[in-house]
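Reminder, nothing fancy here: chain letters follow the sequence lines and each chain counts from 1. For clarity, every value in this text was computed on a predicted model and none was experimentally measured.
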Protein chains: 2
Amino acid sequence: MAEGNTGGESLLFLTDEQLRKGIEAMFFAYRGFTDDPDRILEGMDYGRAHHRAIHFIHRSPGTTVSNLLTILGVTKQSLNRVLRTLIEDGLVEARVGKADKRERNLHLTAKGQDLERQLSDAQRARMRAAYRAAGPAAVQGFRTVLEAMMDPEMRRQYQSLREGEK
Amino acid sequence: MAEGNTGGESLLFLTDEQLRKGIEAMFFAYRGFTDDPDRILEGMDYGRAHHRAIHFIHRSPGTTVSNLLTILGVTKQSLNRVLRTLIEDGLVEARVGKADKRERNLHLTAKGQDLERQLSDAQRARMRAAYRAAGPAAVQGFRTVLEAMMDPEMRRQYQSLREGEK
DNA sequence: GAATTTACGTCAGCCTTGTTGACTTTCCAA
DNA sequence: TTGGAAAGTCAACAAGGCTGACGTAAATTC
């Protein structure tokens, strides 16, 4: 199904025009995707970077700083600035590693869980509405294309996160 | 596969776990989506903001500054900073409006077209690879979900852009 | 014809979030 | 014991958002 590139109409979805529409769809949809959490965060001292950190700490409790660096793809200085404020404000706890004491195992506090819940509720609500409107078959295609669009390294991260959770 | 679901079918794609996967897919895919143009731009004096301006001027030649403001969703000061450098460098031309002389009609110069081509070639190449790998049905679903994810206002913009082109 | 509104440009200043580079501390492992 | 990895810190800087204030020309309204 995927590679059947014989003649006629099978390749119509690969025209430059179709691709351009896909590109603009990504652009506009990503705005919607980030909008709700951004709105919640504004007014607090936090931004999108804090949201990302909170999301992935929630997702993989006990993860280390360097794990987070790999997933987020930023420098440790950038991440550290964000992490520091979250720790100072009591949303994140950094526990010295048990096996390797150089590592810090990151966890959300109750307060951190609260904010995470607020943010992900908003983001999931939009996602749910979109999924519901589009239907299960479209959702399947959505995920397939997005996965194919990732860099191989990001795809590995994405998939290992998936299998990491039960 | 991930969640221990029985074969209920109909609403399984709306579980929080499924939604979370979609959220992370958006995050990782958007990185891939912006990566290639970003790499081309770095080293030049331009960034993602310039790319966006160039894209939409190419897309709607003769568009006005305020049109662009609406589409991009930034302040005029932000856009102006970007536009000014593009005009100074001879990538964009701002012609005084014919009917309304307060307006500036924006066009890419030959030089601007060159960069646009470079950027969109890179972005389309990744998009094409993803589309090809996923197949036409998945692409259809991809676009449907993204469209449903947009804010109504953005969706209008997106659709009016679509109909603008033949 | 005067007043107001619109479209655009610009100056100044601030914030978030990214970057490099240099340096320290801790501590595991060879 | 020593090299290097993990983590943190300080400093400086850039891109690209933002607000507020102001200016000007053109169009519109009264």
Worksheet entry | salt bridge (Lys or Arg N to Asp or Glu O under 4.0 Å) partner of A:R48, chosen from A:D38, A:D36, A:D35 | A:D38
Fill in: Sole candidate of B:Y158, B:Y30, B:F33, B:F27 that passes ring pair (Phe, Tyr, Trp, His ring centres under 6.0 Å) when paired with A:Y30
B:Y30
Fill in: A:K101 or A:A49, whichever maps to the more 5' nucleotide of DNA chain C
A:A49
Discussion item. Check this for me: does any side-chain nitrogen of one of A:E24 and A:R20 sit under 4.0 Å from a carboxylate oxygen of the other?
Written reply: yes
Item to complete: Take A:R124 and A:D121, measure what salt bridge (Lys or Arg N to Asp or Glu O under 4.0 Å) needs, and give me the verdict at the end.
Response: CA-CA 5 Å; A:R124 271 200 307 268; A:D121 277 356; 2.9 Å; yes
Worksheet item: Does a side-chain N or O from B:H50 land closer than 4.0 Å to OP1 or OP2 of D:dA15, or not?
Response: no
Fill in: Backbone of B:E147 reached by a side-chain donor or acceptor of B:R155 within 3.5 Å
yes
Worksheet entry | For atom CG of B:L41 and atom P of D:dA14, their distance in whole Å | 18 Å
Worksheet entry | Toward the 5' end of DNA chain C, by each residue's nearest nucleotide, A:R52 or A:V96 | A:R52
Item to complete: Could you tell me whether the phosphate oxygens of D:dG16, OP1 or OP2, come under 4.0 Å of any side-chain nitrogen or oxygen in B:S78?
Response: no
Practice prompt. Using atom types as modelled and distance alone, determine if a side-chain donor or acceptor of A:R132 lies under 3.5 Å from a backbone N or O of B:L14.
Written response: no
Worksheet item: When the distance from CG of B:L79 to P of D:dC18 is rounded to whole Å, what number comes out?
Response: 10 Å
Worksheet entry | Whole-Å distance separating the CZ atom of A:R31 from the P atom of D:dG17 | 10 Å
Worksheet item: Does one side chain, of B:H50 or B:T85, offer a donor that lies under 3.5 Å from an acceptor on the other?
Response: yes
Item to complete: Please report the closest heavy-atom contact between B:Y131 and A:Q18, naming both atoms and the distance.
Response: OH-O, 4.0 Å
Kindly give the atom pairs (protein nitrogen or oxygen, nucleotide nitrogen or oxygen) under 3.5 Å for nucleotides 7-11 of chain D.
unit_1: D:dA7; atom_1: OP2; unit_2: A:S66; atom_2: N; d: 3.2
unit_1: D:dA7; atom_1: OP2; unit_2: A:S66; atom_2: OG; d: 2.5
unit_1: D:dA7; atom_1: N7; unit_2: A:K76; atom_2: NZ; d: 3.4
unit_1: D:dG8; atom_1: N7; unit_2: A:K76; atom_2: NZ; d: 3.3
unit_1: D:dG8; atom_1: O6; unit_2: A:K76; atom_2: NZ; d: 2.6
unit_1: D:dT9; atom_1: OP2; unit_2: A:N80; atom_2: OD1; d: 3.2

Discussion item. Under 3.5 Å, is there any donor-acceptor pair linking the side chain of B:R81 to the base of D:dG17?
Written reply: yes
Response to the item:
First and last nt of DNA chain C near chain A, cut-off under 4.0 Å to heavy atoms, 5' to 3', are C:dT17 to C:dC28
